[in-house]
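The next block holds one structure in the form of structure tokens; read it before the comments.
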Protein chains: 2
Amino acid sequence: MENSSSEDLDSETLFIVSQTFKALGDPTRIRILHLLFKKECSVNAIAEALDIRQSTVSHQLRFLKNLRLVKYRREGTTLYYSPDDEHVMLILKQMIDHASHS
Amino acid sequence: MENSSSEDLDSETLFIVSQTFKALGDPTRIRILHLLFKKECSVNAIAEALDIRQSTVSHQLRFLKNLRLVKYRREGTTLYYSPDDEHVMLILKQMIDHASHS
DNA sequence: TCATTATATGCACATATTATCATATAAGCA
DNA sequence: TGCTTATATGATAATATGTGCATATAATGA
């Protein structure tokens, strides 16, 4: 059975864990996810709210989408992004709380 | 008050959060921390257990030490490393469990 | 003091990552 | 169809990262 304290980490788990933490290890992606924590946002809304280029936001959203950390719904030409992994978002929230208390 | 869902992340919190997740975003560092989860280990013991160079282990331990994620105690010429941040270790454990269930 | 063992450090190299520009695609509407 | 708006993509350059070699440091014991 899966147990994080068992002898060895299998390589697939190791890969997923490192990829996911890597996704959370960049300030821009953290800011995007933190923004989405409160409400779904279009790509342009994110770019404006965080003052970063549209293409940068789009690239990072693709990254997060590949890891299934965000999803989107379409409304005309606008794509509204929102979190797609509650557990990872909870982990992000925990780390932010942890860091802001230090 | 600190609240992970408040409007903006201050830059210091953002920095700490991203640095900490970055620390967890590398397979070698994850393996080291996962090993230390079970028992304190010397540098050489880690290198042997994980089959990586001593200098690599030392470099990564310095990285983790700078973030206060590990600490050590000396016994003669041997340094025994162990986790130094329970909360971050708990977060790592959560992510491993999350990943191994997917 | 000298040799040995354990660990740390400086440097170099290969690779990965990030942001940006320019441009492509896609949907909606006149 | 052609125009506009929203988003995605490819290429590129600057920077960051991870590893290993060679060597330094530090503690111990003969």
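Scope of the values below: all heavy atoms of this structure, side chains included, with no hydrogens, waters or symmetry mates. Quick note on labels: first sequence line is chain A, next is B, and so on, each numbered from 1.
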| remark: Tyr81(A) atom OH is separated from dA6(D) atom P, nearest whole Å, by 15 Å
| Between Gln19(A) and Thr56(A), which is nearer to the 5' end of DNA chain C once each is assigned its nearest nucleotide? | Gln19(A)
| request: Compare the ring of His59(A) with the six-membered ring in the base of dT18(C) and state whether they stack (centres under 5.5 Å, planes under 30°). | output: no
| So do the side chains of Tyr81(A) and Glu40(A) get within less than 4.5 Å of each other, counting heavy atoms only? | no
| Nearest to the side chain of Ser55(A) - dA22(C), dT7(D), dT7(C)? | dA22(C)
| said: Of the options dC21(D), dT7(D), dT20(C), whose atoms approach the side-chain atoms of Arg53(A) most closely? | reply: dT20(C)
| said: Reading DNA chain D from 5' onward, which residue's closest nucleotide shows up sooner: Ile52(B) or Tyr72(A)? | reply: Tyr72(A)
| task | Rounded to the nearest angstrom, tell me the gap between atom CZ in Phe63(A) and atom P in dT7(D). | result | 21 Å
| request: Side chain of Arg74(B) only, please: which of dT17(C), dA27(D), dA6(C) is the nearest? | output: dA27(D)
| task | From the options dT9(C), dA8(C), dT20(C), select the nucleotide whose nearest atom is closest to the side chain of Leu79(B). | result | dA8(C)
| field | Check: Tyr72(B) ring centre within less than 6.0 Å of Tyr80(B) ring centre | value | no
| request: Give the nucleotide from the list dT7(C), dG10(C), dA8(D) with an atom nearest to the side chain of Arg62(B). | output: dG10(C)
| note | Among dT7(C), dA6(C), dT18(C), the one nearest any side-chain atom of Thr77(B) is dA6(C)
| With nearest nucleotides of DNA chain C determined for Gly25(A) and Val57(B) from heavy-atom distances, which residue corresponds to the more 5′ nucleotide? | Val57(B)
| Less than 4.5 Å apart, any side-chain heavy atom of Phe21(A) and any of Ile91(B)? | yes
| query | What is the distance from CD of Glu75(A) to P of dT7(D), rounded to the nearest Å? | reply | 11 Å
| said: Using whole Å, what does the distance between atom P of nucleotide dA16(D) and atom NZ of Lys22(B) come to? | reply: 9 Å
| said: With a 4.0 Å limit, can you tell me whether Thr28(A) has a side-chain N or O closer than that to the phosphate oxygens OP1/OP2 of dA19(C)? | reply: yes
| query | Can you tell me if the side-chain N/O atoms of Asn44(B) get under 4.0 Å from OP1 or OP2 in dT5(C)? | reply | no
| message | When you compare the side chain of Met95(A) with that of Val88(B), does any pair of heavy atoms fall below 4.5 Å? | response | yes
| field | Distance in angstrom units between Ile32(A) CD1 and dT18(C) P, rounded | value | 11 Å
| message | Please report the distance, rounded to the nearest Å, between NZ in Lys65(B) and P in dT9(C). | response | 11 Å
| message | Determine whether a donor-acceptor pair (one donor, one acceptor, N or O, separation below 3.5 Å) exists between the side chain of Gln54(B) and the base of dA6(C). | response | no
| Heavy-atom side-chain proximity of Gln54(A) to Val43(A) below 4.5 angstrom | yes
| query | For the pair made of CG in Leu61(B) and P in dT7(C), what is the distance, rounded to whole Å? | reply | 10 Å
